[in-house]
Amino acid sequence: MVSLLKSVINNVLRKPETRCYPVERRAPFAGSRGHVEMDPSTCTFCGVCARKCPANALTVSKDPRSWTLEPYKCIVCGYCADICPKKSISMNPNHGLPGGI
Amino acid sequence: MPGSKSIIPFGPQHPVFPEPLQLRLVLEDEKVVEALPAIGYVHRGIEKLAEKKEYTQNIFLVERICGICSFMHALAYCQGIEMLMDVTVPDRARYLRVIWSELHRLHSHLLWLGLLADSFGFESLFMQSWRSREAVMDIMEATAGGRVIISTCIIGGVRRDISEELMAEVLKTVDVLERDLEIIRPVVFDDYSVKQRLVGTGRITSEQAYDLGSVGPVARACGIARDFRETGYAAYKEIKVTPVTETGGDAYARARVRIREMYQSIDIVRQAVRDIPAGDIAVPARGNPEGEVISRVEQPRGEVIYYIKGDGTKNLERLRVRTPTFANMAPLLTMLPGCELANVPVIVLSIDPCISCTER
Amino acid sequence: MSLMNTVAVSPDRLLQEVAGKYRQRYRFATMTCTDIGDGYDILYHFDKDYELCNLRLYLKKGEELPSISSIFFAALLVENEIKDLFSIPIRDLVIDYGGRFLLTEDAPVAPMGREGCSRAIDIRLQGAPEEEDK
Amino acid sequence: MHLYTFLSLLLIFGPLIFGLLVMLAPGWRYKTPVIVLSALTIMAGGILLALQGPFTLSIDSGLMKALPLIELLILAIIIYIGFAIKKMLIIGLGILQLAIGLISDMLPHSVQAHVPTLKVDLLAVIMVLIVSVIGPLIVMYAIGYMKRYEVHGPEQMRSTGLFFFFLIGFLGVMNGLVMSNDLKLLAIFWELTTLCSFMLIGHDKTEDAGESAYRALWINSLGGAALMLASFLSISASGSASLDELVAVGSLLPLALICLAAFTKSAQLPFQSWLLGAMVAPTPVSALLHSTTMVKAGVYLIIRLAPGLGGTRMGQVVAIAGAFTFALASAMAISQSNGKKVLAYSTIANLGLIIICAAIHTPLAYAAAILLTCFHAISKAMLFLCVGTIEQGIGSRDIEDMEGLMRKMPITTVIAIIGMVSMMMPPFGMLIGKWMALEAVIMSPLVLFLLIMGSALTVVFWSKWIGRIQTVAYHPVYKIEDVPFSMFATKGVLLLGIIAAAAVVVPLFKRVISPMAMAMFSETVVTSRSWDLMNSASAFIEWPLFFMLALVVPVLFLVVRGIKKSHIRQPFLCGENLEGAKTTFEFRTLMDKGESARIRSYYLNPLFGEAHLTAWANPIAIALIFIMFGVISK
Amino acid sequence: MNCREKSPWIVHFNCNSCNGCDIEFLACLTPIYDVERFGIVHVGNPKHADILVVSGAVNHRNVRVLKNVYEQMPSPKAVVALGACGATGGIMADCYNVLGGVNQVIPVDVLVPGCPPRPEAIMDGILQAARLLNVHQKDRHAGAEVRLTLQPVSEPEKV
Amino acid sequence: MIMIDPVITALLAIFAVPFIGAFLVGLDRKLTARMQSRIGPPLLQPIYDVIKLLHKEPIVVNRVQIIYAGLHLIFMVLCVVLLALGQDMLMALFILAFSTISLILGGMSVRSPYSRIGSQREIMQMLSYEPILILMLVGIYLINDSFMARDILASGKPLLLSLPLIFPAFLMVMAIKLQKSPFDFSTSHHGHQEIIKGITLEYSGPFLAILEITHWYEIFLLFFIITMFWATSIPVGLLIAAVCFFCEILLDNIMARLTWPWMLRFMWTVALGLAVTNVLWLYI
Ligand code: SF4
Ligand code: SF4
Ligand code: SF4
Ligand code: SF4
Ligand code: SF4
Ligand code: SF4
Ligand code: SF4
Ligand code: SF4
């Protein structure tokens, strides 16, 4: 009848499952898509990434050479990283940090 | 005479509904005599947006029709485009698609169970099932790089492979999950208080379920053996799936169907991991889609129907999605009248509603 | 490539055809409406044993579409949706949301039409200090 | 002539004369002062009598000779009515009573020089006070009420003169009833109350009213017949027609018959239907019937007879019957949305409670019975007057329609809330009575159980009702009510009465009721425990705490004052509050339309529905009455 | 002792979310993340809440709900917008029924990037908002209500 | 306790009890978390919550509801003080009922549908437990010949031995009062449900704090009553109370919330049956 009894008692006796997040951080999984990073040293500012970005989060211009990411628009799909001919874009596995306005 | 019945809004901002949806309830004491939904709180207009974006970008868009079974949305979409463009997906990709599909089904069903438990105030069960779900989320992130929206399906295959070691992890995860399910299953199947809340709640007959076009677990709980996986898309050709059915037609039967489906999914994952062939994971797709096609996939909540019409350009002419909750809405409307107010959330959640895909 | 099992139907024959589908134990799956310039291409999808069967109807702009919701109750949602998104008048809906199903009063009108939406709304934030407080 | 002779004559016959005067006075211009004067006179008479204290009065036998004639006259009227409305039942009952009366008149009377005809003991004094203080207030209230009633009511209701005649006359009859010690005299007054109530209930002359009046008549005639039979048996057994003698002799059959009569008059199950039907009458009538006259006659009689019942098995059955009524009537009240019907069921229940206390007959119970009688009279009278005002104000007596009453009639609403609170919360008397009752019945498990269930049920319908009317909207705009002075003032006086009663409950208990109980039980051996209880109950150590409560409430008001307008926000409607709505409870729903959210109170019809509860409660109640007679033979 | 920061109660409103952000928010309540450690309670109704967590972008119908929910919260209060949608509309920004991020309607204090953000990111965001509650004490307690008006704009620019 | 000056006892009851209650609430939350394999909030979390609430903007729907919140608290304090002074328990229970009625009326005084449904359900809860509480007192009376709390403390034999059936019935009442599963209908103190926060929905800020503080008193009160079942030895009584408290939390965690019609049925059959049987047995 009270089928959860055993596991509830077990829970009390065992250490809680909780990961104490800010204190105890788990290393991110390799290859996890946390946020976008771009290596300006290899980028040619060709603009492919900006054209293909599904969320229009990127703006690239050749003159003046600029590459801008709107972090709060980016949907971290990683498409830009896939598509960049120079492989200048990579996905950092750590999640992006919250910010104010 | 005015004031002879109670009228209340149930939602949109209501903690038992994770998504905004308003039910206008007419009550007598606490008995519901009439329930009409007012929706549109999450309508975005994705179908129109899909006509503006390139068909390759659309994968990421359709994944966000709903975050819960996002992978299956991408799958249905990609399969449709592949049909239009006559692309044959490599075998390994087909198996990987199955693995991720079933992982999605597992996480979706566990999530649903937690929400259902919340609707009848069983906090521990919510905690237990969401805790088990984290194992799936972890393996999803490890294999695909994302927890919820994994963005691995692309036209012509998948974006990522799962390595040998990760395959072992996947197996380990489903083992853990199976063990956890042994805790959860008796609670849903046999617990007195849970049965009190579920048995007989929101019952519809098999006839009604058929006529009203219900899909997924709602239909299968009425004994209608329909599971689109039977038709053998992706690797379901090799991995046979028999629909899980129950006959009660009530919230309890729906819960049983989903719990049993989780075992089935675990089985499918195991088979897929065992049988997966080596090889490419994607073939390049060139050109643009042209013509119209219907692509269907069995999602955790039932069958999704994609209608895709391309005109030979990068942009589609029409993308239309009929999601499972949309099909289950009509049965829901017939379940509500006559129930107790306390059972309204239970019934609504028993069809595992997803408003975001219903409204797109 | 085009759809299999598709039969064209005229608006006045529609209800008869649909009733026929009902008698053959078909289930209503959904409807798809596409604006093709001078009219609408409306598809009714029915399903039986995983087989889809479609009715294709061409509706001239401005014409009224009869509702099939009295035959297939389930169709009422999608018909209301089409009514909203394309501004197609649909008659005899069993529950008529009057064009306020998915869209609200400030939302664009007929957004799924070819021309896109005919009205847009911007929302402005005004942090006004406490004034008239009735 | 002694002062008290004069007073008792004034109180009994005065009202009849005043009534006649009112009836003859043409138009409201003359009627109003006459009514006010007569009401004040009766009131003054009652108070003076109370100050005089207990006395007895023998009326010379010559006068008493006329009694059978009067009785004959009354019965003839009843039979005539029976013919007039073509109801065989009435005729039959009338003839039955006539027969019993005639036979008992044949009996040889022993000389009863030492037996007083009128006996005004403390109990009677209290009853007289209730009748002649609260009664006149209701009469005065009726001035304003009937003025409006005449205007709004249908054509046939305009026999206001006659109405006042019966209304005022009723008080005299009731005074007579509580004072008389002679069974014959009692029976006459008894019949007269029946007759008065018949006339008053039927005042509207609608089909409904006629039907209800008829029901009241036959049920009460049934009781009348029982009373006649009792007096016949008593006279034939002991040769004395005195009530005292009846109690002293303690022969059970007459007692049981009188209990039956009291049950009919007090509308105990299964006789409740007449009182519910009586709700069709104008509200002052209901107020009168419920608080001071009519139904109180029944319980008065049982309290009177209590020494005869105490300790007997029949007494226990009576207590159980009372408890059963208490629990069931409370349950039935839950399913009612008609305000007057809720009040009616509550009356029935409370009378049941009083009957329990009377029948248990321990000092504590006795005291409780008297306390309850007093407090119930004041609170109920006021509640009826409030409902009458509300009914005229909003055109409905349905509780659901009283939503937002606080805005429309703030003063009446507050008074009504206090009235309802006084029915169940401290520091008001009803609660203390109930508390004492609970302590008193603790040795009879069944009664106790029913009492507990009944108390729990009582809370349900009162809180539902209070909850409904007290709601204030967001930024309410209060209206100034348009209520005639007479209706307003009488309620005010009653309100003061309630508060005063609550304040004086301790001295009242110590000075009056406790001695009464003591006097009543002086001959019997009183077990020590009961007296302990009396002491603990009378000590009321809790009073300082209530005093504290009284201190805190003003603080709360200060907090309330501190709330700014900007702090008042709309209620939660799942976020869909309609912007700019005049009312705050409107939400947007289908098609963006606004609709007001509303929640009816729960009436739990499947559980407490009147029809199906009655269907099984009445047979049980009838069975209990049979058992009551059955235990006599054992 | 700073009690405001130690007991932030949350009301969550799903505006236009695809459920991705929602479920990640709910995951924060579950044993692995357990935000109740910080005294966070998901109260589910604005009248009890300190922090409003919004997921998804704003559309024409839910804008009024969002506004009502915000207004019914007692000061001091803070708003956290989850995900790309909540901040700017994300991939949905160009949909015809999408008005944009939450800050178009109500003042937002913290934006959490991601689509969906991970539970850890959401926790970071909520804790940051909790710290802001003290700052807002002065700013918003004064009853300076945020009032919104919908103004039709002539040029149709959305898809 | 009775030996000390009544004024000191009363003051102690007024000022110390809420802290004990808060501690119990904190313990409850902590334990609940542990049963769900979580760490849970700090033990003093309830106090943080209340201080925070007291500093919030005092928003209301109308002014009347404040009065009822105040009455709710005052009656509850009164009840605790009465018991602490060893006074008449029947009176104390009546007062407890008024505390609840105040809460109900407060919930009904606003025209908010959920708050009203909560109130109606609270009425149903009262209807289902009030008879049992009174029967419990009757049982106590039959044993001790007195309704006085001090007499129970002074009497020689533990109540539990004479009221073995009423004790479980009381535990059911306690589950209702603590708003635990399978009950918890009117406020949804734990978890979400169809009526959101029910009766307390429209209270916020300081007024919600008042309700919370009242809850602390209430918890203490229930604890106190359980202890009285073994009043001859306070440590044993406390131990029993602690065990019961733990069981209540356990029950909350292993059961779904049911519906109030179920509660009414259950309480009026099982619990009432137990209580009545026990009382009848005492009569014999
Ligand atoms: S480590 Fe930090 S977060 Fe974890 S339990 Fe301790 S205080 Fe809380
Ligand atoms: S695609 Fe690569 S190289 Fe081109 S602009 Fe983007 S980041 Fe630079
Ligand atoms: S990750 Fe996706 S959304 Fe973000 S910048 Fe790259 S392509 Fe755009
Ligand atoms: S954390 Fe944000 S700002 Fe930094 S690189 Fe990533 S997306 Fe850009
Ligand atoms: S049913 Fe729809 S919204 Fe729900 S999870 Fe599936 S796709 Fe998503
Ligand atoms: S001022 Fe801040 S820190 Fe101090 S008690 Fe209040 S909330 Fe806590
Ligand atoms: S930000 Fe991404 S995950 Fe979140 S609601 Fe938007 S689309 Fe869904
Ligand atoms: S019910 Fe009471 S004890 Fe339980 S968590 Fe709520 S406040 Fe705490």
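The shown structure was predicted, so the numbers you read here are calculated from the model rather than taken from an experiment. So you know, we letter chains A, B, ... as the sequences are listed, proteins then strands, and number each from 1.
- Residues D/I452 and F/V138 form a side-chain contact, since some pair of their non-hydrogen atoms from C-beta on lies under 4.5 Å apart.
- Applying the ring pair (Phe, Tyr, Trp, His ring centres under 6.0 Å) criterion to F/Y114, with sequence neighbours excluded, gives B/H14.
- Ranked by heavy-atom pairs under 4.5 Å with chain D, the first of F/L90, F/L142, F/L272 is F/L90.
- In this structure, F/E130 and D/V459 have side chains that are not in contact, with every pair of non-hydrogen atoms separated by 4.5 Å or more.
- For the pair F/Y141 and D/L438, the minimum side-chain heavy-atom distance is 4.5 Å or more.
- Applying the side chain to side chain donor-acceptor pair (under 3.5 Å) definition to pairs two or more places apart or across chains, none involves residues 446-464 of chain D.
- F/Y129 does not touch chain D: none of its heavy atoms, backbone or side chain, sits under 4.5 Å away.
- Both the backbone and the side chain of D/F572 come within contact range of chain F, judged by heavy atoms closer than 4.5 Å.
- In this structure, no portion of F/L137 lies under 4.5 Å from any heavy atom of chain D.
- Contact count versus chain D (heavy atoms, under 4.5 Å) is highest, among F/V279, F/L280, F/L264, F/L201, for F/L201.
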